[in-house]
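What follows is one structure encoded as structure tokens, with my remarks underneath.
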Number of protein chains: 2
Amino acid sequence: MTGGELVAAAKERMDPFWSVTRSQVYRELPGLAEAGYVRPGKLGPRAAQPYAITAAGKRAFRNWLTEAAGADHSRNPLVLRIGFGAHHAPGAVKQLVDDARTRHQEALAASRARVAQLKKEGGDSFLVATAEFGIAYERALLRWLDTVPTG
Amino acid sequence: MTGGELVAAAKERMDPFWSVTRSQVYRELPGLAEAGYVRPGKLGPRAAQPYAITAAGKRAFRNWLTEAAGADHSRNPLVLRIGFGAHHAPGAVKQLVDDARTRHQEALAASRARVAQLKKEGGDSFLVATAEFGIAYERALLRWLDTVPTG
DNA sequence: AAGGCCATGTAACAAGTTACATGATTAA
DNA sequence: TTAATCATGTAACTTGTTACATGGCCTT
């Protein structure tokens, strides 16, 4: 795959709980090739450089998989601002909450659609589980939003 | 406050949904002083440099508060690994899930304790809400863990 | 075949992490 | 009073973001 294809595949697979940017991917690929984990193929249109994973790359991946998972890491600007609610102008918190509700309702719908699609395709049950994580997260957030004081 | 005090206060206030490191804080403080948002006080023991916020600093803070909240950003290495469950050795997913359950049960207990403490202190209801976000998140994650296929 | 559009890749920058050096405080 | 511990701050490095340049594709 090329850098762009990898980014698209990663987003498709990980969207609610992980992210990568194109620049990260493009930066890493030459290093991975150097290390022998991927092998560059011949250039396509637009100077697109495809790579194929090598046997060593697969080994390294499996190795990485077994490493302990490490703590998760959240950055939630909405909750951060709500925590300073006492410093807000009147009505500002309600505004924040309403906007967030709209956005997360959309995200919830997207997660549900993704689960439905994966199930229809008869896909890997672990992938379905990660998509269901998206639903669980969005539902929890929406329910929490309903409890935030908006005064 | 000094850099160390600021880090401690930030962790106390934001722990489940935001984080800062000491290095970030120490790096920013001289710049904020330069910009007139904080004023350095006299050095304490261990060359500790305290800062006080200025009127301009408070204005800048209120300004920042009203900015739109931006999307939240999660990095969850556990869900990431589970998504690749099909590539794991047998039993490995169960191991991951069991470890995670322990850790998140502890985190849930910590969140609950924090809510109880804030309520006892009669604190700011917005702060209580952010602590309750921690509970909601941990509960959702734990319930989701119970649905993950461990075969 | 010309112009707008989208995908590829690069480069400069900002934010986040890790490892280190130093100076008080505490305890043996 | 010496050694261990802990808090302060710094510096080097890694990761993540934003802004940019270029080149095929697709429509008209």
Side-chain angles (χ1 to χ4, degrees), chain A residues 1-35 37-52 60-61 63-64 67-81, chain B residues 1-35 37-52 60-61 63-64 67-81:
Chain A
M1 298 169 92
T2 66
E5 287 167 346
L6 285 165
V7 171
K11 183 173 169 58
E12 162 85 6
R13 181 180 262 271
M14 310 168 177
D15 189 31
F17 56 90
W18 202 274
S19 65
V20 295
T21 62
R22 292 188 314 119
S23 289
Q24 285 175 273
V25 171
Y26 285 125
R27 176 169 39 201
E28 294 305 325
L29 282 170
L32 292 175
E34 186 78 19
Y37 295 147
V38 297
R39 194 162 16 77
K42 56 167 69 94
L43 292 179
R46 292 174 201 174
Q49 172 67 73
Y51 291 88
F61 167 71
N63 239 37
W64 167 84
E67 281 172 20
D72 44 333
H73 183 93
S74 272
R75 285 283 160 90
N76 195 318
L78 171 73
V79 183
L80 183 63
R81 279 170 178 74
Chain B
M1 301 169 92
T2 67
E5 288 167 346
L6 285 165
V7 171
K11 183 173 169 59
E12 162 85 7
R13 179 180 264 269
M14 310 168 179
D15 190 32
F17 58 89
W18 201 272
S19 66
V20 295
T21 61
R22 292 188 315 117
S23 289
Q24 285 175 273
V25 171
Y26 286 125
R27 176 171 38 201
E28 294 305 325
L29 282 169
L32 292 174
E34 186 77 21
Y37 295 148
V38 298
R39 195 160 16 76
K42 57 166 69 95
L43 293 179
R46 293 174 198 175
Q49 172 67 73
Y51 291 88
F61 166 70
N63 239 38
W64 167 83
E67 281 171 21
D72 43 333
H73 184 94
S74 271
R75 284 285 159 92
N76 196 319
L78 171 73
V79 182
L80 184 62
R81 278 171 179 73

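These numbers were taken from a predicted model, which means no experiment stands behind them. Numbered from 1 within each chain, the chains take letters A, B, ... in sequence-line order.
Across the protein-nucleic acid pair, Trp18(A) atom CH2 and dT15(D) atom C1' stand 11 Å apart, rounded to whole Å. As rounded to whole Å, 11 Å separates atom P of dA15(C) from atom CZ of Arg75(A). Here the P atom of nucleotide dA7(D) and the CD atom of Glu5(B) are 12 Å apart, to the nearest Å. Gln24(B) places its CD atom 18 Å from the P atom of dA12(D), with the value rounded to the nearest Å. Rounding to whole angstrom units, OH of residue Tyr26(A) and P of dA7(C) are separated by 10 Å. Separating the CG atom of Leu29(B) from the P atom of dT10(D) is a distance of 10 Å, rounded to the nearest angstrom. Between the CZ atom of Arg46(A) and the C1' atom of dT8(C) there is a distance of 7 Å, rounded to whole Å.
The shortest distance between the side-chain N/O atoms of Ser23(A) and the OP1/OP2 oxygens of dT17(D) is not below 4.0 Å.
With hydrogens and angles ignored, the 3.5 Å screen pairs a side-chain donor or acceptor of Gln49(A) with a backbone N or O of Gly41(A). A donor-acceptor distance shorter than 3.5 angstrom exists from the side chain of Tyr26(A) to the backbone of Gly4(A), with no hydrogens or angles considered. Side-chain atoms of Arg75(A) come within 3.5 Å of backbone atoms of Ser19(B) as a donor-acceptor pair (strictly under, hydrogens ignored).
In this structure, Arg81(B) satisfies the cation-pi test against Trp64(A), with its NZ or CZ atom closer than 6.0 Å to the six-membered ring centre and inside 45 degrees of the ring normal.
No engagement by Ser19(B) is indicated, since no non-hydrogen atom pair under 4.0 Å with the nucleic acid exists.
Nucleotides of DNA chain D nearest to Arg27(A) and Leu43(B) differ in position, and the one nearer the 5' end is that of Leu43(B).
Looking at DNA chain D, the stems built from 3 or more consecutive Watson-Crick or G-U wobble pairs, each pair with its key distances under 3.5 Å, are C:1-28 with D:1-28.
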